[in-house]
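Labels below follow one simple rule: chain letters A, B, ... track the order of the sequence lines, proteins then strands, and each chain is numbered from 1. Fair warning: this is a prediction, and the values are worked out from it, not measured in the lab. When reading the values below, keep in mind they use all heavy atoms of this one structure, side chains included, and skip hydrogens, waters and symmetry mates.
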There are 2 protein chains.
Amino acid sequence: MRTSDQRTVSSKQLGAALRVTPTQIRKDLAYFGQFGQPGIGYDVNELTSEIRRILGTDRTWNVILVGAGNLGMALSAYRGFARKGFKLSAVFDDDPSKVGRPVSGVPGLQVLSMQEIGRIVEERQVRLAIVAVPAEAAQSVAEKLVAAGVKGLLNFAPVNLNVPADVAVSAVDLAVQLEQLSFQVICARSD
Amino acid sequence: MRTSDQRTVSSKQLGAALRVTPTQIRKDLAYFGQFGQPGIGYDVNELTSEIRRILGTDRTWNVILVGAGNLGMALSAYRGFARKGFKLSAVFDDDPSKVGRPVSGVPGLQVLSMQEIGRIVEERQVRLAIVAVPAEAAQSVAEKLVAAGVKGLLNFAPVNLNVPADVAVSAVDLAVQLEQLSFQVICARSD
DNA sequence: TTTTGTGAATTGCTTCACAGCA
DNA sequence: TGCTGTGAAGCAATTCACAAAA
């Protein structure tokens, strides 16, 4: 391995970085095709774009956010978005006093009324939405989003969303995260 | 199965609810001991408390929160905490203008200075902490918490925290969640 | 009967080991 | 020599199938 030449990377290096065996890396990558060259390794640029293609991160996804409360504001200020190819396209809230306010951290964006959801989703071909509203409002918001054509929901409300089978939901449940953590802490203690 | 008598539950019922096979349920539960009765099933109360004991959710965990920005405020207002046996015990921030402010949603709590972390962690036997500070501050906050004796970190900052092996870290990475979601949306389309 | 708990069979995943290419 | 891709081996998780208990 020559650290000066990092146009290629070996399964050994990747494995060390990801804490898995080199064979695991090779098996996993081979599943999607043949990217590497024997004796050389994987071309970093080629591998990066292949993985992007596989994961669907080779395109920019328009994302909308519903809920301009504390959580919504924190999320819209989150910098990791753009870096991973997600563009916060619009923010919605049903509180009239919040509509029209600028969105901190995203120049040129202001909070829109919920009635605009349908129009924006269609116009900008939005497929992903973040639900950051109180629990009691989450289901009806989800239904509005699905009706508008959204296919993936990232749900921060502590409720189960009922959606059609062709819509993906990923829930961020703080309590579950903490439970997992407390379980790990117990296990560590009894080692 | 008699729905009127739900003092017991069978592996079949549990499996249907959790979308796994009844055998899986029995194998998993048997790993921790013998809770069930042949011909009857599992006593709901007994099973519940056994699972609580196994997962460590039979006690109340004191949790502290570092960072009283938008995200921190959203998290402290989160209701699911207490329901799952977690008690938000204190909130810290290094911004002097925030110190002393009341914490919305948690009566009797006010934002404390970072210097108090050591004392509070020791006094209240805190083992879990939530890191809700900007990325650039996260590592030093993590080190302070670990030094104070915290054994589990729930990290919302978009950085990898470097901690000793006996400390558990669970990261909530918005970008990763969105990536998974976009992947699912792609897959659904090609079905 | 109904349903558990568990050996045995099976499936699936991971690692080994090596042929073949650069 | 260095490294990939992959068949074969090894291991772990899941499912099957049934004795035993209620």
Side-chain angles (χ1 to χ4, degrees), chain A residues 1-58 170 176 179-181 183-184 186-188 190-191, chain B residues 1-56 58 165 168 170 176 179-180 183-184 186-188 190-191:
Chain A
M1 164 195 160
R2 288 177 296 159
T3 47
S4 55
D5 172 12
Q6 279 296 356
R7 276 169 301 191
T8 64
V9 63
S10 69
S11 59
K12 198 176 167 186
Q13 290 174 283
L14 290 170
L18 295 171
R19 314 271 183 95
V20 295
T21 63
T23 313
Q24 188 74 72
I25 298 283
R26 296 205 295 279
K27 266 268 150 78
D28 287 355
L29 291 176
Y31 178 84
F32 293 101
Q34 300 197 176
F35 310 130
Q37 282 195 296
I40 302 293
Y42 300 88
D43 183 276
V44 173
N45 288 330
E46 193 190 324
L47 185 59
T48 305
S49 64
E50 281 296 337
I51 291 176
R52 286 234 173 83
R53 186 182 54 74
I54 294 164
L55 297 177
T57 49
D58 57 343
S170 177
V176 171
E179 273 183 2
Q180 289 172 0
L181 206 51
F183 183 61
Q184 288 177 54
I186 291 169
C187 292
S190 55
D191 280 349
Chain B
M1 162 192 162
R2 288 177 294 160
T3 46
S4 54
D5 172 12
Q6 278 295 357
R7 275 170 302 193
T8 64
V9 63
S10 69
S11 58
K12 196 175 168 186
Q13 290 174 284
L14 289 171
L18 295 171
R19 314 270 181 95
V20 295
T21 63
T23 313
Q24 187 74 71
I25 297 283
R26 296 205 297 278
K27 263 271 150 75
D28 286 356
L29 290 176
Y31 178 83
F32 293 101
Q34 298 199 178
F35 310 132
Q37 282 194 295
I40 302 292
Y42 301 89
D43 182 277
V44 173
N45 288 329
E46 193 191 323
L47 186 59
T48 305
S49 63
E50 282 295 337
I51 292 176
R52 285 232 173 84
R53 186 183 54 74
I54 293 164
L55 298 178
D58 57 344
S170 178
V176 170
E179 274 182 1
Q180 289 172 359
F183 183 61
Q184 287 177 56
I186 293 168
C187 292
S190 56
D191 279 349

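Between Ser11(B) and dT4(C), a side-chain N or O to OP1/OP2 separation shorter than 4.0 Å is present. For Gln34(B) and dT6(C), the shortest distance from a side-chain N or O to OP1 or OP2 is below 4.0 Å. Regarding contacts with the backbone of dT14(C), every side-chain N or O of Tyr31(A) stays at 4.0 angstrom or more from both OP1 and OP2. Listed pair Gln37(A) / dT4(D) fails the phosphate criterion, with no side-chain N or O lying under 4.0 Å from OP1 or OP2. Contact annotation: Arg26(A) does not reach the phosphate of dG5(D) (side-chain N/O to OP1 or OP2, under 4.0 Å). A sub-4.0 Å separation between OP1 or OP2 of dT15(D) and a side-chain N or O of Thr21(B) is present.
Atoms CG and OG1, from Leu47(B) and Thr8(B) in turn, are 11.0 Å apart once rounded to the nearest 0.5 Å. In this structure, Thr21(B) OG1 and Leu14(B) CG are separated by 11.5 Å, a value rounded to the nearest 0.5 Å. The CD atom of Glu46(A) lies 14.0 Å from the CZ atom of Arg7(A); values are rounded to the nearest 0.5 Å. Separation of atoms CD (Gln24(B)) and CG (Leu29(B)) is listed at 10.0 Å; rounding is to 0.5 Å.
Asp28(B) places none of its side-chain heavy atoms less than 4.5 Å from the side chain of Val20(B).
Between Glu50(A) atom CD and dG5(D) atom P the separation is 12 Å, expressed in whole Å. In this structure, CD1 of Ile40(A) is placed 14 Å from C1' of dG20(C), rounded to the nearest angstrom. In this entry the distance linking CG of Asp28(A) with P of dT15(C) reads 10 Å, nearest Å. Rounding to whole angstrom units, CD1 of residue Ile25(B) and P of dA13(D) are separated by 17 Å. We find that CG of Leu47(A) is positioned 11 Å from P of dT4(D), with the value rounded to whole Å. One atom, CG of Leu29(A), and another, C1' of dT4(D), lie 10 Å apart when rounded to the nearest Å. Here dA13(D) presents its P atom at 10 Å from CD of Gln24(B), a figure rounded to the nearest Å.
Among the atoms of the strands shown, base atoms are found under 4.0 Å from some heavy atom of Thr23(A).
Each of Gly41(A) and Ala30(A) was matched to the nucleotide of DNA chain D holding its nearest heavy atom; the match closer to the 5' end belongs to Gly41(A). For Pro38(B) and Ser10(A), each mapped to the nucleotide of DNA chain D holding its nearest heavy atom, the one lying further toward the 5' end belongs to Ser10(A).
A donor-acceptor contact under 3.5 Å is not formed by the side chain of Lys27(A) with the base of dG12(C).
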